[in-house]
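A short worksheet on the structure shown next.
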Amino acid sequence: MSDSDIPNDGDIKLVMAVIRPDKLSDVKTALAEIGAPSLTVTNVSGRGSQPAKKSQWRGEEYTVDLHQKVKVECVVADIPADDVVDAIADAAHTGEKGDGKVFTFPVESAVQVRTGKTGRDAV
């Protein structure tokens, strides 16, 4: 088997997405359907193309320009990172501003703490 037959050309990849919180369930389902082994989810806030909102509280006007989002991270070795990106993008899509972004990064190394396995074996 050549490196071109191995997912991600034998490399480990980190797929990171920032999405709407209400799409998390759909994204988790989509990742399970493609066999993505694990994920990490963090509540975050940020600003992108989604417009700021003006609100009032106790008579004072304020601007909300940091929106609540969820960051999903998935490290893969045996599953093509492109499949993970497609699954997340499809599941998180609403067609509205603020749907989010998906990024892919190379992972330089990995160590499984419990077993001491390294590299692809750790993932």
**Request:** Indicate if V107 and I6 have the same hydrophobic cluster label, given that clusters are the connected sets of ILVMFWY residues with side-chain heavy-atom separations under 4.5 angstrom.
**Result:** no

**Message:** Nearest 0.5 angstrom please: F103 CZ to E73 CD, how far?
**Reply:** 12.0 Å

**Prompt:** Looking at side-chain heavy atoms only, is the closest gap between F105 and M16 below 4.5 Å?
**Reply:** yes

**Asked** Do Q68 and N43 come close enough that some side-chain heavy atom pair is under 4.5 Å?
**Response** no

Under 3.5 Å, side-chain donor or acceptor atoms of residues 116-123 against the rest of the protein: list the pairs with distances, not counting sequence neighbours.
| from | atom 1 | to | atom 2 | distance (Å) |
| --- | --- | --- | --- | --- |
| R120 | NH1 | G10 | O | 3.4 |
| R120 | NH1 | D11 | O | 3.4 |
| R120 | NH1 | A77 | O | 3.1 |
| R120 | NH2 | A77 | O | 3.0 |
| R120 | NH2 | D78 | OD1 | 2.8 |

**Shared hydrophobic cluster for V72 and V102 (ILVMFWY, side-chain gaps under 4.5 Å)** = yes

**Item:** hydrophobic_cluster_shared for I12 and V15, side chain cutoff 4.5 Å
**Value:** no

**Asked** Mind checking whether L66 and I19 sit in one hydrophobic cluster, side chains of I, L, V, M, F, W, Y counted as touching below 4.5 Å?
**Response** no

**Item:** Heavy-atom closest contact (L39 atom, V41 atom, distance)
**Value:** CD1-CG2, 3.1 Å

**Item:** side-chain contact (heavy atoms from CB on, under 4.5 Å) evaluation trace for K13 with V75
**Value:** CA-CA 6 Å; K13 300 286 185 174; V75 177; over 6 Å; no

Distance-only donor-acceptor hits, side chain of residues 82-95, under 3.5 Å, sequence neighbours excluded:
| from | atom 1 | to | atom 2 | distance (Å) |
| --- | --- | --- | --- | --- |
| T94 | OG1 | E96 | N | 3.2 |
| T94 | OG1 | D99 | OD1 | 2.4 |
| T94 | OG1 | D99 | OD2 | 3.3 |

**Prompt:** In the single-linkage hydrophobic clustering (I, L, V, M, F, W, Y; side-chain heavy atoms under 4.5 Å), do V70 and V27 co-cluster?
**Reply:** yes

**Asked** Is a side-chain N or O of K69 found less than 3.5 angstrom from the main chain of G98, in a donor-acceptor match?
**Response** yes

**Message:** If you apply the rule side-chain contact (heavy atoms from CB on, under 4.5 Å), what do you find for H67 with R47, and how did you get there?
**Reply:** CA-CA 6 Å; H67 301 282; R47 177 174 58 208; 5.6 Å; no

**Asked** Do D22 and L24 touch side chain to side chain, with heavy atoms closer than 4.5 Å?
**Response** no

**Prompt:** Can you tell me how far the CD1 atom of I34 sits from the SG atom of C74, to the nearest 0.5 Å?
**Reply:** 7.0 Å

**Asked** Is the number of heavy atoms from other residues, nucleotides or ligands under 6.0 Å of E61 CD greater than 12?
**Response** yes

